[in-house]
Amino acid sequence: MILYHGSYVEIKNPELLHSRSNVDFGRGFYVTPLYEQAVKWCGKFKRRGKEGIISQYGYDEFMGSELKILTFDSYSEEWIDFILNCRREKDSTDYDLVIGGVANDKVFNTVELFFDGLIDKNEANRRLSYEKPNLQYCFRTEKALAQLHFERSEII
């Protein structure tokens, strides 16, 4: 499987040291199998006058079978709960790898409405059911990162 990371620098050796904790799936190295999603991630750097660089990695899903993996196949109540815990820095799980949808602006607006008590979980789930997830992989441990193999990068 090919995975992409969008940044302003080439990242040959991903590490957890520089990752933030209050994001979708918590502290980790984020990649996506969707090239277009990596291009979007580069956009925030390009708007700041930096280069957009996509680093490409190989990942053998079968080699990662010893990893503790959490997968969200769709936006769901469980996904909302996990995202909120991670963004509040209250995640105490020990997953090596978390796979699921990106909380982009449109999706996160729904999550925030729920978070603020303006809609209930049922309404949030109903709204999210119309959204197609932009898939992301969050490698949260060194054991998981060891499964990623840098292949190349490109400036976009």
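Please read these numbers as outputs of a predicted model, since none were measured by experiment. Residues: numbered from 1 along the sequence shown.
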*Would a distance-only check, ignoring hydrogens and angles, find a side-chain to backbone donor-acceptor pair under 3.5 Å from Asp96 to Lys68?*
yes
*CZ/Phe114 to CG/Leu128 distance, rounded to the nearest 0.5 angstrom?*
10.5 Å
*Is there a donor-acceptor pair closer than 3.5 Å between any side-chain N or O of Tyr75 and the backbone N or O of Val102?*
yes
*Answer whether the closest heavy-atom distance between the side chains of Arg140 and Asp91 falls below 4.5 Å.*
yes
*Short side-chain to backbone donor-acceptor contact, Gln136 and Val31, under 3.5 Å*: no
*asked:* Test your reading of the model: is there a side-chain donor-acceptor pair from Asp120 to the backbone of Asn122, 3.5 Å cut-off?
replied: yes
*Might you work through the side chain to side chain contact (heavy atoms under 4.5 Å, CB included) test for Trp79 and Val107, ending with a clear yes or no?*
CA-CA 12 Å; Trp79 177 87; Val107 169; 3.4 Å; yes
_Thr32 side-chain N/O to Tyr4 backbone N/O, donor-acceptor pair under 3.5 Å_ = no
*How are the rings of Tyr30 and Phe25 set to each other: parallel, tilted or perpendicular (split at 30° and 60°)?*
parallel
_Any heavy-atom pair between the side chains of Leu70 and Thr93 that's under 4.5 Å?_
no
*Could you give me the CA-CA distance, side-chain angles and deciding distance for Lys40 and Glu36, then say whether salt bridge (Lys or Arg N to Asp or Glu O under 4.0 Å) is met?*
CA-CA 6 Å; Lys40 285 181 185 177; Glu36 300 79 22; over 6 Å; no
*Do the side-chain N and O atoms of Ser153 and Glu10 include a donor-acceptor pair separated by under 3.5 angstrom?*
yes
*Does the pair Val23 and Arg87 meet the rule for a side chain to side chain contact (heavy atoms under 4.5 Å, CB included), with working shown?*
CA-CA 5 Å; Val23 290; Arg87 288 189 172 231; 5.6 Å; no
*Report yes if some heavy atom in the side chain of Glu123 is under 4.5 Å from a heavy atom in the side chain of Leu113; otherwise report no.*
no
*Would Tyr57 and Leu145 satisfy side chain to side chain contact (heavy atoms under 4.5 Å, CB included), going step by step from the backbone distance to the final call?*
CA-CA 11 Å; Tyr57 306 88; Leu145 276 180; over 6 Å; no
*Got a second to check how far Ile119's CD1 is from Thr110's OG1, nearest 0.5 Å?*
5.5 Å
*For the residue pair Cys42 and Ile156, what are the closest heavy atoms and their distance?*
CB-CD1, 3.7 Å
*Begin with the C-alpha distance, continue with both residues' side-chain angles, and end with the deciding distance and a verdict on side chain to side chain contact (heavy atoms under 4.5 Å, CB included) for Glu154 and Gln56.*
CA-CA 8 Å; Glu154 68 176 292; Gln56 178 179 311; 5.7 Å; no
_Separation between OH of Tyr8 and CZ of Phe45, rounded to the nearest 0.5 Å_ = 6.5 Å
*Relative to each other, are the rings of Phe139 and Tyr137 parallel, tilted or perpendicular (30° and 60° limits)?*
parallel
